[in-house]
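Below is one structure; the comments refer to it alone.
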Amino acid sequence: MSYRKLFIFFNLAMLASFIAAFVLDYNADWKKHQKEYYRQASAALERKAAAASDPEEKKALLAEAAKLKRTPLEIKQIITKDLGRVDRCTTCHVGMDEYVNPSMANDFTKNPFKAHPNAAVLNGNHPFQKYGCTACHQGQGLATTAKAAHGKVMHWEKPMLEGKLIQASCAKCHANFETLKGAEVAALGKKLFNKHGCQGCHSIRGVGGIISVDLGDIADKPVERIAGYNFDRVLKLDSRTGKMEKLHHSHHEDEWNIQNWILGHLTNDPIVVTPNDPFAQFNPEPVAPSGMPDFREELGHSGAEAITAYLMSMSAEQLPHRYFVPAPAKPEPRFANNLEHGKHVFEKYGCQGCHGLGGVKGRRNYNALGPGQEDPKKDMDKGQEPTLVDVVGTYTHEELKKRISAGVPASAVSKFNEKGPVPPLYMPAWKDKIKGKELDDLASWLLSIAKKDDSGF
Ligand code: HEC
Ligand code: HEC
Ligand code: HEC
Ligand code: HEC
Ligand code: HEC
């Protein structure tokens, strides 16, 4: 080919790519949405005008409709300097743009055209033109396709918080979220976290147990740190079918995020999520599966979701002061007597995380001793922590205090199968945390729940 022909060829190729870019841009999703919004919104105004009897009102409505129709299509963005965000969500969600829709109300029933729900409270207290959208919703503010903006793409660390999980962001800014209207689900999550004894094994910013990770910044955990886990078997509530379903195969990468990782620990037996290597197939020594209890029955899906909303607020992100709402001072809890106080101590430190609610049924401790064990391989998962109501009656008050203070180190927890893995859970020594009246009353309460044995044993 001569240079001249090449030159013509490349010019034509360039022209073609310009045309392609132009066509793609012209047909961009956001443009279609914006056009449609202006078309429908102005048609609604025209209908209103046709029905209006006052000629002045009719004229005003028609003028407004004409103005909407003439509005040029453009990328809209809200820049929140101090939150470090640029949010283009209103490019498609036009009905949520106060400049286009000053009343922040409309009759649209479909996204992205709808007005914002509960705008009086949400926009009223956090003007969207100042707060943007992702401060509450997460997602990818700069993106201009729906999938990318909603953050449902691989490697985007902060996908949009689904459904009630959005309350995680309320709790990030509002230390008063336990009494805040609109944050009830996150508040319930905090209650359930403590009630079920998560703090027996996990700390939150240094407060709580040391068996597993500190969850104080779990929302920041990089997705790549969980990428290797077995999520083929993780179930999640499907909002369309209302059933627990596997994460859809073709959506694996988009669905594998921290929200689902936390939810996956609570809506599955954690052994499924973190099976490890109990039969030493891949390691020189066997490694017990996750020591985390199976909470499915106790929490149900709504409880799991509430705790997830609460934990998704756990971020080390520093908010500028003026976005932070402090918590009111909490009154010291009062107790009718020392037994009631002892029960409170038991729950406060999360003993129930391992010994069950009220100490009535020890939870699983893989390959520890447990009831009904026969087959050395199959029955390792019948290992249990002690059921306190059955055993504390054999202790005196003083002995009980000593046992709780000293704990039982991992090396002293008896194995069921000698060749199997070390049981994942042990009894922490509480001597630095529980002392004086707390320890006394805890021991008294434990003795009070001991089963009275009338079998003569
Ligand atoms: C390119 C257009 C587009 C952009 C940009 C966009 N959205 Fe959307 N959004 C849509 C469409 C279309 C729907 C309805 C269909 C769907 O749910 O995907 C929707 C739905 C939603 C919903 C409802 C989801 C549900 O489960 O019902 C929320 C919340 C939302 N968007 C928030 C945002 C936020 C926050 C941003 C900015 C980070 C954003 N959107 C940016 C087009 C967009
Ligand atoms: C102060 C927090 C907050 C801010 C800021 C915020 N939202 Fe929301 N948004 C919410 C809450 C809460 C809901 C309701 C969630 C629920 O209960 O389902 C919601 C719901 C939505 C929905 C779903 C509406 C429906 O009924 O289907 C969309 C879409 C949406 N927001 C988009 C936006 C966009 C776009 C912005 C920015 C212009 C924005 N939001 C700013 C808190 C916020
Ligand atoms: C980026 C930080 C931020 C986020 C996220 C946020 N808020 Fe707020 N909110 C504030 C600030 C700051 C105020 C103003 C407090 C004041 O001056 O009294 C406020 C005020 C309020 C108020 C009125 C005052 C009150 O305490 O009753 C309500 C209600 C409220 N927010 C609810 C919510 C809900 C619900 C969410 C989650 C959907 C949410 N907020 C998310 C920062 C935030
Ligand atoms: C008996 C101890 C124990 C209790 C009680 C417990 N966990 Fe765990 N948890 C673990 C262990 C061990 C792991 C690490 C192995 C794994 O990922 O399953 C873990 C992991 C997690 C993870 C993943 C952390 C990360 O960084 O990847 C979350 C989230 C979690 N637990 C939440 C909870 C919640 C919520 C509760 C209370 C309902 C709870 N845990 C109660 C032992 C416990
Ligand atoms: C991380 C799990 C875990 C937590 C949290 C925990 N324990 Fe234990 N506890 C154990 C294990 C495992 C054993 C049994 C060790 C062994 O094999 O002897 C045990 C044993 C005991 C025993 C002795 C039972 C017996 O069989 O003689 C008492 C009493 C006890 N725990 C009380 C408590 C109290 C009170 C708390 C809260 C302050 C607590 N535990 C918190 C795991 C835990």
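This is a predicted model, so every value here is computed, not measured. In each ligand, atom 1 is the first atom listed, and ligand 1 is the first ligand listed.
Closest approach between atom 8 (Fe) of ligand 2 and any N/O/S atom of His137 involves NE2. For His150, the N/O/S atom at the shortest distance from atom 8 (Fe) of ligand 1 is named NE2.
Counting only heavy atoms of the protein, atom 3 (C) of ligand 2 lies nearest to Cys136 SG, 2.8 Å. Scanning the protein for heavy atoms near atom 5 (C) of ligand 2, the closest one is Gly132 O, 3.3 Å. Protein heavy atom at the shortest distance from atom 24 (C) of ligand 2 is Pro117 CD, 3.7 Å.
Residues Phe193 and Ile204 form a side-chain contact, since some pair of their non-hydrogen atoms from C-beta on lies under 4.5 Å apart.
A salt bridge links Glu162 to Lys152: at least one charged side-chain nitrogen sits closer than 4.0 Å to a carboxylate oxygen. The pair Arg363-Glu298 meets the salt-bridge criterion, since a charged nitrogen lies less than 4.0 angstrom from a carboxylate oxygen. Salt-bridge formation is not detected for the pair Asp381/Arg364: no Lys NZ or Arg NE/NH1/NH2 atom is positioned less than 4.0 Å from an Asp or Glu carboxylate oxygen.
The residue from Asn123, Val185, Ile166 that puts a heavy atom closest to atom 42 (C) of ligand 2 is Ile166. Nearest to atom 32 (C) of ligand 2 by heavy-atom distance, out of Met160, His93, Met96, Lys76, is Met96.
Ring-plane geometry between His341 and Phe335 is classed as tilted, the angle between the planes lying from 30 to 60 degrees on a 0 to 90 degree scale.
For residue Cys89, no N/O/S atom approaches atom 8 (Fe) of ligand 1 to within less than 2.8 Å.
In this structure, Gly209 has no heavy atom closer than 4.0 Å to ligand 5.
Those atoms of ligand 1 with a heavy atom of Asn111 less than 4.0 angstrom away are 13 (C), 14 (C), 19 (C), 20 (C), 23 (C). Per-residue contacts place Thr90 under 4.0 angstrom from the following atoms of ligand 2 (heavy atoms of the residue considered): 38 (C). Of all atoms in ligand 2, listed by their number and element, those nearer than 4.0 Å to a heavy atom of Lys164 are 17 (O). Interface of His126 with ligand 2, defined as ligand atoms under 4.0 Å from a residue heavy atom, comprises 1 (C).
When SD of Met427 and NE2 of His355 are joined through atom 8 (Fe) of ligand 5, the resulting angle is 170° to the nearest 10°.
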Checking side chain to side chain contact (heavy atoms under 4.5 Å, CB included) for the pair Val121/Lys181: CA distance, chi angles, key distance, verdict?
CA-CA 10 Å; Val121 173; Lys181 199 156 180 296; over 6 Å; no

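By the criterion of a heavy-atom distance under 4.0 Å, neither the backbone nor the side chain of Ala368 is placed next to ligand 5.
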